[in-house]
Every structure is written in C-alpha cells, then in structure tokens.
Amino acid sequence: WSEQNDLNNSGYSQGGFGTQTAAVYTNRGVSPPSPGTLNDTEEYNGTSWSEGNNSTLVRFDVGTAGIQTAGMIFGGQGGGVPTVTGVTELYDGTNWTTGPTMNNARSQLGSTRTETGNSQALAFGGNVPPHTSATEEFTQSTTVTTAAAFSSGGSMGNARYGGNFFGSGKSSQVAVGGQKAAVPPTANNIADSETYDGTSWSEGNNMGTARFNGSGTGTETAGLVATGRNPAASPSPQVYYGNTEEYNGTSYSEVNDCPQAAYRRCGAGTQTATIIVGGLVPPASTTNYSTTSNEYDGTNWSSGGAAPFKANYMDGVGVTTAAVVFGGQQDPSINNASYDYDG
C-alpha cells in the first residue's frame, strides 16, 4: 500500500465508480460536529482529487455503476430525513443529469460496478425499510435516441443485507450469506446462495458457514468468500470468522482460513489473487480496527503490505496488484484518505 493524496472532503456511505486512475467520489454522509448529507463530487486522476460539479439530489447509500466519463448513481437516502429515493443521475465527466427513476425506491442496495460505462446496470436488495429482494435492470441505448430505463428483474429469493457478492456483470452475479433481521437479539444470519442470469435469481447450494459482512471476490464460476461475523443473540459473544470458501459455479468448498478473523473488510481481486484489508477484529468493539492485509493465491493466505490506515465501511476497486481503497469510518471520524496498492 502506498499513501496517496487525500480526498478534499471526508465522508461515509459515499457513491464511487471508475478505475484506479479515473475515479469519482460523490454523495456522502458526514458526522458530528457537522452531521448531514452532501452532494459534492470529486474526481481522481491517479494522483490527486479535484472538485467537480455537484449532483442534483442530496443523498448517500446510493447504488453506482460506470466510469469517470459515463457513470451513474441511483437510489439512496439523505437530506436529513430517512426517506429513500429511486432517482437516477447520470454523469458525463462534467455534469449530472437526471435519468429514469427506479420502480423500487431503496438505499444500501447491491449494484454492479462495470468499467464499460453507464449503458447497463443492475440494482438488487437494499433497505426500504424493511429489507427488499427487488431486482431491477437498467439499459440505455448508445445508438438510438431513447431514454434509459430501469425494468423490473426477478426478485431475490431471500431479502438480505450485509451479504457477500461477486460476479462479472449484470447477467452473472452471486449473492450469498447476509442477515435477514436487523439487529440482535433477533439476528438471523443465512448461508443461502443465489445466482442471477440477467433475468431471474435461482437458488444454489448453500455456503458452509452462515455469516454477513464478509468479503466476496471473483466471478460466478470462480468466486471466493472470506471472513465475516455472527453478532449472535445476547448474552452470547459476537463471533468473528476467518473461514474462507471457494465457489465453482455449483458448490462451496471450505479452504484454508484467512489468518485474521474480522468483518467489514474491503476485498478486491479474483479467486486465485485476492487481497482483503481493514475491518474490525476481536475483541468485540466498534473501534478495534485492523491495519493487516491478507493475500490469497488460490491455495494459501499470506501477509500483504501493512495498511497505513484503520477503517471499516471502506470502498475498493481493482485487482491484487493494482487496487485502490478509499473513504470509510473510524469512530468517531470519517476518513477522506485514498490509498493505492501495488501488490
């Protein structure tokens, strides 16, 4: 990991899309002493962040997709009220314009993060409240002058949040694990696995260890899930997992554990070249952060470069030898730092 120039503005639950050398950061939550939500935008060129034009709507916890010159955000909540929205905004590298509204308003949703522009996107799950399994597809023509639109996709079999997600595009996604109930003592972790083929979700074989807030990487036929947690019902102690499972498109198989049991870690890479970093570690605490990074080569875990930051709720993109991690939370602070990892 190498220290890079900070964001100009700190935040959490922000929207982010793009690549390591051309990223966009927008629509963020801010904490005391100035709590609220902001709609400012910053662009990253691989070295520095610069201010861009504000989006139209003020919100956070949005879904995202696209690249710096053709990106989009959708859903979310904010403006000082808990009301969720389905509004979509498109970004052309300079200005924001309003796009078609989703059929199901929600925040904290799962979404694809393609690097091919904003002509396609997938939105699934999220919080209304309560949690939803609604799935919608977005398709925008680049050759015919027609408005883009979200269309309803097949609903997930299990509404969930904090799940482990991996896949390679709108028509190839896996959602596994997560939690069906919001907080202890009614915590209900699941091991259920579902795959999306571009039209509908289908039930697959369950993951071996039920958990949520883990790290998912890879594709629909070569995926990886590592770490996570079970908050457990009071007064039982919270359980942290180092368990790692590989997915071959049909079944999950237990492989070597990640040497650091943790949750809310940020992951990037493939089944044979994954890096995960940050997150929270035992003993149970909301301030016990980790600077350890771990790399997986398809068989064994090894220690990666020590991270010069501590946070959870981070966002990350890229691969093991070229990743960028940014934002996140470290009680009581919200991070604006951005870090590149060169392997």
Side-chain angles (χ1 to χ4, degrees), residues 7 9-17 24-42 52-66 71-91 96-113 118 121-138 148 150 152-153 155-156 159-163 165 175 178-183 212-213 264 286 311-315 326-329 331-336:
L7 287 157
N9 301 287
S10 63
Y12 67 94
S13 296
Q14 67 281 340
F17 53 85
V24 173
Y25 161 87
T26 188
N27 283 251
R28 59 192 171 100
V30 292
S31 290
S34 301
T37 311
L38 295 174
N39 61 335
D40 51 343
T41 298
E42 297 185 42
N53 291 320
N54 290 0
S55 65
T56 303
L57 191 64
V58 180
R59 50 183 156 168
F60 65 102
D61 279 336
V62 296
T64 64
M72 61 189 296
I73 57 175
F74 39 91
Q77 61 181 331
V81 295
T83 304
V84 296
T85 182
V87 171
T88 298
E89 293 188 60
L90 307 174
Y91 188 64
W96 292 93
T97 57
T98 301
T101 299
M102 290 193 295
N103 296 310
N104 297 276
R106 83 283 286 276
S107 67
Q108 302 177 60
L109 61 156
S111 60
T112 54
R113 300 187 176 206
N118 59 10
L122 181 70
F124 49 93
N127 189 37
V128 176
H131 312 312
T132 179
S133 59
T135 301
E136 297 185 52
E137 296 178 359
F138 177 82
F150 275 97
S152 294
S155 293
M156 300 175 75
R160 69 187 81 202
Y161 83 104
F165 309 110
Q179 193 178 60
K180 295 178 69 174
V183 294
F212 80 118
N213 284 155
R264 290 183 192 157
T286 58
N312 67 157
Y313 288 127
M314 295 178 293
D315 210 346
F326 47 92
Q329 181 185 36
D331 291 331
S333 301
I334 305 301
N335 291 345
N336 68 344

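Residue numbers count from 1 along this sequence.
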> Tyr25 side chain to Asn9 main-chain N or O, any donor-acceptor pair under 3.5 Å?
Replying inline: yes
> From Asn104 CG over to Ser133 OG, what is the distance, rounded to the nearest 0.5 angstrom?
Replying inline: 9.0 Å
> Residues in side chain to side chain donor-acceptor pair (under 3.5 Å) with Asn53, at least two apart?
Replying inline: Asn95
> Between Asn127 and Val84, what is the shortest heavy-atom contact and its length?
Replying inline: O-CG1, 3.7 Å
> When you measure from the side chain of Arg160 to the backbone N and O of Gly125, does any donor-acceptor pair fall under 3.5 Å?
Replying inline: no
> With Ser333, which residues qualify under side chain to side chain donor-acceptor pair (under 3.5 Å), at least two apart?
Replying inline: none
> When rounded to the nearest 0.5 angstrom, what is the spacing between OG1 in Thr85 and CG in Asp61?
Replying inline: 13.0 Å
> Sequence neighbours excluded, which residues qualify as side chain to side chain contact (heavy atoms under 4.5 Å, CB included) partners of Thr135?
Replying inline: Leu122, Phe124, Met156, Tyr196, Trp201
>> Please find the pair of heavy atoms, one from Thr112 and one from Ala121, that lie closest to each other, and give the distance.
In response: OG1-CA, 3.6 Å
>> Once side chain to side chain donor-acceptor pair (under 3.5 Å) is applied, do any residues pair with Tyr91, and if so which ones, sequence neighbours excluded?
In response: Glu43
> Is a side-chain donor or acceptor of Thr64 paired with a backbone partner of Gly16 at a separation under 3.5 angstrom?
Replying inline: yes
>> Testing the 3.5 Å rule here: is there a donor-acceptor pair between the side chains of Asp315 and Gln14?
In response: no
> What is the distance from atom CG of Leu7 to atom CZ of Phe326, rounded to the nearest 0.5 Å?
Replying inline: 8.0 Å
>> Restricting to non-hydrogen atoms, name the atom on Lys180 and the atom on Ala159 that form the minimum distance, rounded to 0.1 Å.
In response: CG-O, 3.6 Å
>> Rounded at 0.5 Å granularity, tell me how far CG in Asn39 sits from CG in Leu57.
In response: 8.0 Å
>> Tell me whether Glu136 contacts the main-chain N or O of Asn103 through its side chain, where contact means a donor paired with an acceptor under 3.5 Å.
In response: yes
> Below 4.5 Å, heavy atoms only, C-beta onward: do Gln108 and Gln77 meet side chain to side chain?
Replying inline: yes
>> Tell me the closest heavy-atom pair linking Gly86 and Ala105, and the distance in Å.
In response: N-CB, 3.6 Å
>> Can you confirm whether Val30 sits close enough to Leu38 that some side-chain heavy atom of one is under 4.5 Å from a side-chain heavy atom of the other?
In response: yes
> What's the spacing between Tyr12 OH and Thr37 OG1 if we round to 0.5 Å?
Replying inline: 6.5 Å
> Which residues satisfy the side chain to side chain contact (heavy atoms under 4.5 Å, CB included) test with Asn335, sequence neighbours excluded?
Replying inline: Ala311, Gln330
>> One pair to check against salt bridge (charged side-chain N to carboxylate O under 4.0 Å, His left out): Glu89 and Arg59. What are the steps and the verdict?
In response: CA-CA 12 Å; Glu89 293 188 60; Arg59 50 183 156 168; 3.1 Å; yes
>> Given 3.5 Å as the limit, does a donor-acceptor pair link the side chain of Arg106 with the main chain of Ala134, or not?
In response: yes
> Who pairs with Gln329 by side chain to side chain contact (heavy atoms under 4.5 Å, CB included), at least two apart in sequence or on another chain?
Replying inline: Asn312, Tyr313, Asp331, Ile334
> Under 3.5 Å, is there a donor-acceptor pair between the Thr26 and Trp96 side chains?
Replying inline: no
>> For Ser55 and Asn27, which I'm curious about, is there any donor-acceptor pair between the side chains at under 3.5 Å?
In response: yes
>> For a quick test of reading the model, state the closest non-hydrogen atom pair linking Phe17 to Gly66 and the distance between them.
In response: CB-O, 3.7 Å
>> If you compare all heavy atoms of Asn54 against all heavy atoms of Asp40, which two are closest, and at what distance to 0.1 Å?
In response: OD1-CA, 3.3 Å
